Amino acid sequence: MARRRVLLFLKPFDVYPPRPLAGASFPTFPPPAPPPRAANPKILSYLDDRCRVHKDTINLCKSVLERKPLDWISVQRNHLSNPIRDVDLVITVGGDGTLLRASHFLDSSIPILGVNSDPTCSDEVDELTDEFDARRSTGYLCAATARNFEQILDATLAGSKHHSELSRISVKLNGTQLPTYALNDILVSHPCPASVSRFSLRKRSSRETSHLINSRSSGLRVSTATGSTAAMLSAGGFIMPISSRELQYMIREPISPTDADKSLLHGLVKQEQHMLVVWYNQEGAVYIDGSHVTHSIQHGDTLEISSDAPILKVVLPEYLLTQVSL
């Protein structure tokens with residue numbers, strides 16, 4: 001039997017603020033002034049500990065993989081630019097952002113397992129709540145942590161822990177498919193947050209078409225069921241069953257909507273529907289799963305948004321599996 005192949009997809013260390021080295025020498029005199037730093041030593045200690053915990057989790061995962069009859073390699077997420085192929089499993093070590101980045105390189109054939117490398121410590125949050133936000137990685141989609149990684153990995157490889165199929169968002173720009181499918185959400189807006197976004201939209205299926213909404217607002221957000229717990233929920237949306245194939249949309253901060261439009265500013269795009277958006281600013285952008293993947297748009301461009309995208313196979317944490325079975 002062929003050895004299974006695993007890709008370890010890692011959150012890099014450069015996301016943590018750099019620290020000047022004590023006693024470091026400089027080629028010029030006087031030495032350059034250091035950049036402004038947080039004055040609270042507890043914040044610096046907290047950031048150092050986050051980096052240490054992340055590094056320890058990476059080392060643990062590598063150690064576990066070394067003991068298994070697997071062929072595996074590791075790559076930092078900012079060093080990958082081509083689709084992931086020829087592996088049987090992708091393991092992400094970081095948080096939800098790292099899993100989202102990995103999903104952009106995956107089709108529907110390869111499952112993904114997330115390891116939350118730096119989970120929030122409730123005691124730490126309680127202790128520091130009056131000084132700063134000490135929450136760490138949420139890891140909403142991550143099935144494992146350092147504590148149970150080997151157990152979850154063994155169950156996944158043995159087939160006793162199955163993956164779930166999550167919906168993604170497809171975006172076509174002027175009829176051309178954008179190469180990245182969103183697992184969480186997309187945002188269509190002016191690149192300057194202080195500028196008004198001007199666009200029209202309507203929902204369409206093979207049987208019916210909604211009336212046209214002409215919008216002046218802060219933009220349009222569309223989320224999957226997975227992304228309905230993120231920015232969509234913060235903006236006043238609702239949580240969807242994670243196995244849903246529908247999309248949720250919301251026009252952000254609409255300016256003087258008509259009475260006829262008000263009921264359509266927030267709603268669902270059914271699986272058999274797609275949303276047509278025509279952009280009317282000189283410049284704009286489509287942001288896919290945050291700020292890392294963007295596509296520029298301009299006046300007159302048309303977007304077709306739907307759930308007609310390859311599903312993503314994800315090994316989910318136990319508390320989310322109850323939603324899938326509902």
Side-chain angles (χ1 to χ4, degrees), residues 77-78 80-83 97 100-101 103-105 107 167-206 209-224 226-228 230-232 234-237 246-258 260-262 264-270 273-310:
R77 70 185 187 193
N78 50 346
L80 190 66
S81 58
N82 295 317
L100 286 173
R101 290 285 291 277
S103 75
H104 297 163
F105 300 99
D107 59 18
S167 182
R168 292 195 276 187
I169 301 174
S170 162
V171 182
K172 292 180 180 179
L173 172 57
N174 298 326
T176 299
Q177 179 72 56
L178 296 186
T180 304
Y181 299 103
L183 178 59
N184 252 10
D185 55 29
I186 67 166
L187 174 65
V188 183
S189 70
H190 194 284
C192 173
S195 294
V196 174
S197 295
R198 296 175 172 86
F199 57 91
S200 66
L201 68 83
R202 69 184 352 143
K203 292 187 289 183
R204 180 175 292 170
S205 70
S206 60
T209 301
S210 69
H211 85 263
L212 187 70
I213 298 175
N214 294 303
S215 173
R216 296 187 177 193
S217 64
S218 296
L220 170 71
R221 187 179 299 280
V222 183
S223 83
T224 61
T226 303
S228 67
M232 182 64 75
S234 299
E246 297 177 341
L247 304 178
Q248 185 177 170
Y249 73 92
M250 180 182 291
I251 296 177
R252 306 165 70 227
E253 301 172 320
I255 300 172
S256 303
T258 66
D261 289 347
K262 286 180 179 178
L264 297 174
L265 300 177
H266 175 213
L268 294 173
V269 180
K270 303 291 186 180
Q273 293 178 318
H274 57 265
M275 175 175 282
L276 293 176
V277 178
V278 182
W279 186 252
Y280 293 124
N281 284 90
Q282 184 175 354
E283 57 181 329
V286 181
Y287 300 90
I288 298 179
D289 284 337
S291 60
H292 295 290
V293 180
T294 63
H295 295 273
S296 297
I297 54 176
Q298 58 188 2
H299 190 282
D301 281 347
T302 300
L303 301 171
E304 181 180 321
I305 303 167
S306 73
S307 60
D308 184 19

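Small disclaimer: the values here were computed from a predicted structure and weren't measured.
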Would you sort out whether Leu173 and Val286 count as a side chain to side chain contact (heavy atoms under 4.5 Å, CB included), showing the intermediate values? CA-CA 10 Å; Leu173 172 57; Val286 181; over 6 Å; no
Here the gap from Met232 atom CE to Asp185 atom CG, rounded to the nearest 0.5 Å, amounts to 7.0 Å
Between Arg204 and His274, does a side chain to side chain contact (heavy atoms under 4.5 Å, CB included) hold up when you go through it step by step? CA-CA 6 Å; Arg204 180 175 292 170; His274 57 265; 3.8 Å; yes
Look only at the side chain of Arg168 and the backbone of Pro310, and say whether a donor-acceptor pair between them is shorter than 3.5 Å. yes
How long is the gap from NZ on Lys270 to OG on Ser307, to the nearest 0.5 Å? 11.5 Å
May I have all residue pairs that pass salt bridge (charged side-chain N to carboxylate O under 4.0 Å, His left out) and include part of residues 274-302, sequence neighbours excluded? none
Spacing of OG belonging to Ser170 relative to CG belonging to Asp308, to within rounding of 0.5 Å: 6.0 Å
I'd like to check Ser217 versus Met250 (side-chain heavy atoms, cut-off strictly below 4.5 Å). Are they in contact? no
Lys172 meets the salt bridge (Lys or Arg N to Asp or Glu O under 4.0 Å) criterion, sequence neighbours left out, with none
Is any side-chain heavy atom of Ile305 closer than 4.5 Å to a side-chain heavy atom of Val269? no
Taking the side chain as every heavy atom from C-beta outward, state whether His266 and Gln248 have any pair of such atoms under 4.5 Å apart. yes
Rounded to the nearest 0.5 Å, how far apart are CG of Asn214 and CG of Leu201? 8.5 Å
Might you point out which heavy atoms bring His211 and Asp261 nearest each other, and give the distance in Å? NE2-OD1, 2.8 Å
Only one of Ile251, Leu187, Val188 passes side-chain contact (heavy atoms from CB on, under 4.5 Å) with Arg221; say which it is. Leu187
Do other residues, nucleotides or ligands put more than 12 heavy atoms under 6.0 Å from the CD atom of Gln177? yes
At their closest point, which heavy atom of Ile288 faces which heavy atom of Ala182, and how far apart are they? CG2-CB, 3.7 Å
OH (Tyr249) and OG (Ser223) are apart, to the nearest 0.5 Å, by 12.5 Å
Interatomic distance, CG@Asn281 vs NE2@His190, rounded to 0.5 Å, equals 5.0 Å
Applying side-chain contact (heavy atoms from CB on, under 4.5 Å) between Ile213 and each of Leu264, Thr258, Leu220, Val277, report the one that passes. Leu264
When every non-hydrogen atom of Leu212 is compared with those of Arg202, the smallest separation belongs to N-NH2, 3.6 Å
Looking at Arg216 and Arg198, would you say the former's side chain and the latter's main chain have a donor-acceptor pair under 3.5 Å? no
Please check this pair: side chain of Ser210 against backbone of Lys203, looking for a donor-acceptor N/O pair closer than 3.5 Å. yes
Would a 4.5 Å heavy-atom cut-off, applied to side chains only, mark Trp279 and Leu303 as touching? no
Check whether any side-chain N or O of Glu304 sits under 3.5 Å from a backbone N or O of Val171 as a donor-acceptor pair, and report yes or no. no
Distance-minimising heavy-atom pair for Pro191 and Ala285: CD-N, 4.4 Å
Which heavy atom in Leu183 sits nearest to a heavy atom in Ser103, and how many Å separate them? CB-OG, 4.0 Å
So Met275 and Leu247, do their side chains get closer than 4.5 Å, heavy atoms only? no
For Ser189 versus Ser218, what's the shortest heavy-atom pair and its separation? CB-O, 3.6 Å
